[in-house]
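Working notes, structure below.
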Amino acid sequence: MAEQGVSVTCEGGLDLVGTTHTLFRTPGVATTLENYESSIHGGYRRINGFAKYGTNTPDTTSSNIEGIHSYAKGVVACQGSNIYYSPNGTTWTQVNKDTYITKTGTVGVSAGSATVTGSGTSFTSQFSVGDDIKINNEIFNVLSITNNTSMTVDGNFVATASSQSIKKNGADATQLASGSAIARVSQSDCKFALYEGESQYGELFIVDGNNQPAYLKIKIVSGTHTYFFKEVGRSAPEKSKFATIFGERLIVAGDADNPQVVSYSTRLKPEDFTGSSAGTIDVGDKVKTIKPFRNKLIVFCETSIFQISGLDSTPTVSGVTKNIGCVSGNTVQEIGGDLIFLAPDGLRTIAGTARIDDIELSSISRKIMPLFRDEVMPFLSSIRFSSMVIREKSQYRLFYFKSGTSNNIQGGVIGTFKISSTGAGVYEWSQTKGIAAKVAHSGTAEDGSEVLFHSDESGYVFKHDSGNSFDGSNIVAQYKTPDLDYGDAGIRKTLYYIKTSIRSEGTNDNLKLQTRYDFESSEVTQPAEIALGALQTPAKFGSGSTFGTTLFGGTLFPQQKTTLTGSGFTNNFRVRSTGTAFPYTVSGFYVDFIPAGRT
């Protein structure tokens, strides 16, 4: 019989639930898609790697990092009993220190009064409205300055005191180095909330469930850093586990003594939980995390989800669902206008509908449910979740770090949001293997670019989605097609050749192709794995490429033609790469075969 050919486009992502016959009709999906990502530009792309952020761990040891957040042109990391900041990952500065600096003269205050009376003080030259000051261990902000010996603050003092020193928050590097440490005992799974306000980089709040909420601000002027640190008082819950910014307030929840209570600060005063516009809300279920969503505050709980609104008047609490909870707050991210979270039945989204104030829930991970059923849900007690979004790739990444498991087999999933041919939004899934992301963070730098970080148990911070290796180790990537019947599973086919459309982002010669017939039957001769050959990046004239080293005149997705051997009623293909070469994208393939008889 004459040769025939079939073209397949790589699309649909990982499908672990399709039956044999449904997969015949969707040949572009994958039954294995490990360390690939479904590209928004089409096809399956081998993922980038990760590399150390600088050369040192924050505290120079290998103790676990319990939280990471980009801030002030650098990174803040919580490790051991301390909080550190670095602009480059090599020089780390401990910032959880007393940054209040004593100023000229002494002062007196009276209980129930907001007036500060000085003696030998220089209020007009040493202070400004809004400054953070400490007198007799009471902390306030300067509200007004009358003259060198009289000022008012934004609250009434609790105790009467005289001949007290007056201190202003803000220490330079030398003053910080000599400041006394404010220990953060048993830090664990730290969360961050950035209140942008009017300061240079905003004010960063840090909670961990064991310590008073921490406040950190950094100013940089002509390369000189000034540090502001304190633990938040003014009736802030002492052991909050979760924090966010909503309605121009700091919102915290998850205090061990009141795990069902959400507390909110005074509007425009994130450090003050005593004002008339501050308060608490009991939602009646253990809070897992809190996230703003449009004009609502979504409260994810153990067995339910609520939404809160109206903090500026009368707070309103209404149920989103009372029979679906959140497995871990670390799984919640916003992407594509929705909130993604891990529920007991897989990943779901909270989405706003066209109707005002209406919210709907959708399941988005049906195609990879066996993965959660077998690899995640049975091991929840030993798993630490982390997640991030990569907005330029429309991507959600979830990692499930298992204690006691080696880094090279730590798992995760990648979901890329796409618009299907019918116009519906869909997620295409793949898996990661070898990224031990115990904590993760995605944010935005000052120039608007994305910054991505994660950390394992080595004590280092890593730049995520960066480079061509897993911090020097090989990236092992596998893509396996479903079994293909080419339209008729009853006819034996002898495969002649395959043209694989692969675009490499640089020289890459470590791709292998494997063909398996008849559902990998042991009764059929199975060919050996073969090399696909060296890949090069197509170049354009005038791009600075050099003749003899770059492929000129190449197509965007050049086809690698490879001779095949063997025959069967069905077959699958596996593309595999191991190494530290450049990423590449498999966009599709064409298979040429000769049909035989029905046997």
Side-chain angles (χ1 to χ4, degrees), residues 155 189-197 203 205-215 231-334 338-339 341 343 348 350-352 356-361:
D189 199 6
C190 299
K191 305 293 192 303
F192 302 82
L194 180 63
Y195 182 83
E196 295 185 354
E203 300 160 12
F205 293 87
I206 308 168
V207 298
D208 63 13
N210 292 311
N211 296 279
Q212 195 81 12
Y215 167 101
E231 291 189 320
V232 180
R234 297 214 194 180
S235 299
E238 293 185 0
K239 298 180 180 180
S240 299
K241 293 179 66 175
F242 315 110
T244 193
I245 303 300
F246 175 72
E248 300 176 310
R249 295 170 168 85
L250 173 64
I251 316 291
V252 296
D255 188 290
D257 296 328
N258 296 286
Q260 79 288 358
V261 172
V262 176
S263 302
Y264 53 96
S265 74
T266 302
R267 182 173 175 268
L268 299 176
K269 294 183 178 181
E271 309 154 51
D272 184 4
F273 285 76
T274 63
S276 59
S277 61
T280 61
I281 299 171
D282 189 327
V283 296
D285 192 5
K286 183 178 181 180
V287 176
K288 287 288 189 174
T289 198
I290 44 179
K291 291 286 183 180
F293 181 63
R294 302 186 181 181
N295 61 341
K296 311 286 186 186
L297 178 70
I298 305 298
V299 184
F300 292 88
C301 298
E302 199 165 61
T303 60
S304 56
I305 302 172
F306 299 92
Q307 56 182 333
I308 296 175
S309 60
L311 295 186
D312 288 330
S313 53
T314 302
T316 300
V317 182
S318 57
V320 175
T321 175
K322 293 186 177 180
N323 53 20
I324 296 175
C326 179
V327 171
S328 168
N330 291 348
T331 67
V332 181
Q333 293 287 346
E334 182 175 0
D338 298 338
L339 289 177
F341 68 101
R348 287 180 168 269
I350 288 182
I356 296 175
D357 294 337
D358 193 27
I359 287 178
E360 66 179 9
L361 295 172

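Remember, predicted model here, so these are calculated numbers, not experimental data.
Scanning both residues, P270 and F205, for their nearest heavy atoms gives CB-CZ, 3.6 Å. In plain terms, the two heavy atoms of P315 and S313 that are nearest each other are CD-O, 3.6 Å. Listed here is the closest heavy atom pair of R267 and D312: CD-OD1, 3.4 Å. Taking each heavy atom of L268 and Y195 in turn, the nearest pair found is CA-OH, 3.4 Å. When every heavy atom of T280 is checked against every heavy atom of S263, the shortest pair comes out as CG2-OG, 3.5 Å. Smallest separation of non-hydrogen atoms from F293 and D338: CE1-CA, 4.0 Å.
A 4.5 Å side-chain heavy-atom check between V299 and F242 finds every atom pair outside the cut-off. Annotation: side chain of L311 is in contact with side chain of I281 (closest heavy-atom distance under 4.5 Å). Between L250 and I245 there is a side-chain heavy-atom pair separated by less than 4.5 Å. Between I290 and F246, every side-chain heavy-atom pair lies at or beyond the 4.5 Å cut-off. Between F273 and P237 the shortest side-chain heavy-atom distance falls below 4.5 Å.
For E203, there are no salt bridge (charged side-chain N to carboxylate O under 4.0 Å, His left out) partners two or more places apart in sequence or in a different chain. By the salt bridge (charged side-chain N to carboxylate O under 4.0 Å, His left out) test, E334 is found to be paired with no residue, residues two or more places apart in sequence or in another chain being considered.
Aromatic ring pairs are classed by plane angle as parallel below 30°, tilted from 30° to 60° and perpendicular above 60°; the pair F341 and F300 is tilted.
Within the model, atoms OG1 of T321 and CG of L361 stand 5.5 Å from one another, a figure rounded to the nearest 0.5 Å. Taking OG of S318 as the start and NZ of K296 as the end, the distance is 6.0 Å to the nearest 0.5 Å. The CD1 atom of I206 lies 11.5 Å from the OH atom of Y215; values are rounded to the nearest 0.5 Å.
Using a distance-only test at 3.5 Å, with no hydrogens or angles considered, a donor-acceptor pair links the side chain of R249 to the main chain of S265. A donor-acceptor pair is defined here as one N or O able to donate and one able to accept, closer than 3.5 Å; such a pair exists between the side chain of T331 and the backbone of S328. The main-chain N or O of C301 is never found under 3.5 Å from a side-chain atom of D285 such that the two would form a donor-acceptor pair. In this structure, D272 contributes its side chain and T266 its backbone to no donor-acceptor pair below 3.5 Å. Of the possible polar contacts, one joining the K191 side chain to the D189 backbone as a donor-acceptor pair under 3.5 Å is found. Judged by distance alone, with hydrogens and angles left aside, the side-chain atoms of Q260 form no donor-acceptor pair with the main-chain N or O of V283 at under 3.5 Å.
Using modelled atom types and a 3.5 Å distance limit, the side chains of N258 and D255 yield no donor-acceptor pair.
The stretch residues 235-245 participates, sequence neighbours left out, in no side-chain hydrogen bond (donor to acceptor under 3.5 Å, both in side chains) pair at all.
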Q.
Run I298 and Q307 through side-chain contact (heavy atoms from CB on, under 4.5 Å) and show every step you take.
A. CA-CA 5 Å; I298 305 298; Q307 56 182 333; 3.9 Å; yes
